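What follows is one structure encoded as structure tokens, with my remarks underneath.
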Amino acid sequence: MGFLQLLKSQFLCHLIICYVFLVSGLIINLLQLCTLPVWLVSKQLARRINIRLAYCISSQMVATLEWWSGTECTLYTDPKSYPLYGKENAIVVLNHSFEIDFLCGWTFCERFGVLGSSKVLAKKQLAYVPIIGWMWYFLEIVFCKRKWEEDRRTVNESLQKLRDYPENFWFLLYCEGTRFTPKKHQVSMQVAESKGLPKLKYHLLPRTKGFWVTVQSLRGTAAAVYDSTLNFRNNEMPTLLGLLNGKKYHADLYVRRIPLELIPEDEKECAEWLHKLYQEKDSFQEHYAKTGRFPGPIMSPPRRPWSLINWLFWSCLLLYPLGLLLTQLISSGSVFTIVASVAVCSAGLCHPFTGKVKPP
Ligand SMILES: CC/C=C\C/C=C\C/C=C\C/C=C\C/C=C\C/C=C\CCC(=O)SCCNC(=O)CCNC(=O)[C@H](O)C(C)(C)COP(=O)(O)OP(=O)(O)OC[C@H]1O[C@@H](n2cnc3c(N)ncnc32)[C@H](O)[C@@H]1OP(=O)(O)O
Ligand SMILES: CCCCCCCCCCCCCCCC(=O)OC[C@@H](O)COP(=O)(O)O
């Protein structure tokens with residue numbers, strides 16, 4: 001194991017990354033709260049400020065993926081569509097199979113310059129998660145209760161508010177509604193059978209109602225649906241903890257740009273269209289399983305330095321006072337303080353994750 005890899009597996013490093021994320025996140029949440037009066041004066045200015053503040057939070061997770069773990073993200077897509085990415089509003093349909101799939105999505109948002117404004121149809125419970133959930137409140141993220149009688153109206157209303165959004169955004173929709181597991185797959189294939197629909201091997205049966213209401217509400221606002229299919233090389237099952245340990249993964253994303261005009265307006269036809277889309281997505285995954293790649297040419301955008309610069313900025317800002325505090329505590333000569341500091345450091349060095357990372 002190289003020195004850098006050993007360093008990345010140290011619990012103390014993980015503590016530092018999490019400390020910077022948590023403290024900066026709470027500071028940014030507080031700054032977001034302070035933008036509330038700005039909304040009263042200029043809604044668009046408040047939105048632009050919140051886009052930048054949100055970037056400061058989400059780009060730290062992107063930096064962990066891109067710069068800390070060095071995970072490679074390859075994009076398979078049509079060269080004619082490529083110049084439009086990041087230059088228009090879009091609805092992104094993504095498979096939900098991995099713990100870090102949202103983070104790979106964020107990485108592409110970062111590379112195409114829409115990270116701060118990226119949105120998702122998220123379950124309501126996530127709104128209460130400190131930092132990320134609170135950040136989403138100010139980003140006008142759309143939440144659903146997964147009760148169609150209520151969601152039909154609330155999701156539509158939230159999406160209508162995005163019509164005059166001042167910057168380009170991607171709206172992510174996990175049509176499967178939940179992360180893939182063999183058990184959920186079995187249940188959803190029973191539903192497929194009862195509806196006379198072909199079975200899917202790599203996806204859960206898509207929930208069509210959220211897709212239909214999103215497409216209808218964003219007609220005239222979003223230009224296209226980006227049908228996105230994600231997989232990882234060598235059957236990797238990436239985790240957030242793996243990233244934190246500096247493990248490098250290889251993500252492959254296949255994106256097809258489908259103009260919104262091609263999607264039927266009628267609810268039933270739109271549902272049929274989505275089921276067909278998922279059958280196609282299933283065939284792309286089958287192709288990937290057989291050949292180790294998606295169809296089409298590779299057009300990968302390079303990683304940009306901004307997420308790293310943002311992380312370094314917050315680290316300098318927050319580690320300096322922490323360092324001063326620790327130095328003062330230790331130099332105070334108190335036996336208790338010194339014993340406590342040594343105990344914390346030893347706990348860091350003896351942590352079970354230490355040294356468990358495989359060499360690249
Ligand atoms: C160039 C690069 C391109 C791309 C880069 C990629 C991405 C980047 C983009 C943006 C990134 C932005 C942010 C990412 C950050 C973080 C994201 C993290 C987390 C969020 C994840 C979530 O929270 S997922 C959960 C919430 N989301 C959803 O649920 C969406 C899908 N659900 C729906 O659409 C639902 O319809 C609903 C929620 C609107 C309503 O749900 P409800 O349960 O009330 O109704 P149903 O839809 O289920 O209706 C009942 C019908 O369903 C049938 N049924 C029953 N059981 C099942 C089953 N097991 N499977 C399938 N179907 C089932 C039932 O028979 C009913 O059928 P009908 O015929 O009557 O419709
Ligand atoms: C800088 C690094 C610091 C890392 C520590 C911070 C980690 C915070 C991560 C919060 C990201 C929020 C995204 C959660 C994704 C999620 O929760 O998806 C839910 C879906 O599956 C459906 O859920 P369900 O159907 O209820 O199982």
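As the structure lists them, so they are numbered: ligands from 1, and atoms in each ligand from 1. For reference, positions follow the sequence shown, starting with 1. Side chains are part of it too, since the values below use all heavy atoms of this structure and drop only hydrogens, waters and symmetry mates. None of these values were measured; they are calculated from a predicted model.
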Note the single closest protein heavy atom to [atom], along with its residue, its atom name and the distance in Å.
atom: atom 25 (C) of ligand 1; result: G177 O, 3.3 Å
atom: atom 46 (P) of ligand 1; result: R207 NH1, 3.8 Å
atom: atom 10 (C) of ligand 1; result: L172 CB, 3.5 Å

Nitrogen or oxygen of [X] less than 3.5 angstrom from that of ligand 1:
X: G210; value: yes
X: S228; value: no
X: K195; value: yes
X: R146; value: yes

Using heavy atoms and a threshold below 4.0 Å, how should the contact between [X] and ligand 2 be classified: side chain, backbone, both, or neither?
X: R146; answer: side chain
X: H96; answer: side chain
X: T64; answer: side chain

Does the protein put any heavy atom within less than 4.0 Å of atom 2 (C) of ligand 2?
yes
Part of L205 with heavy atoms under 4.0 Å of ligand 1, whether side chain, backbone, both or neither:
both
Should we count NZ of K276 as having more than 12 external heavy atoms under 6.0 Å?
no
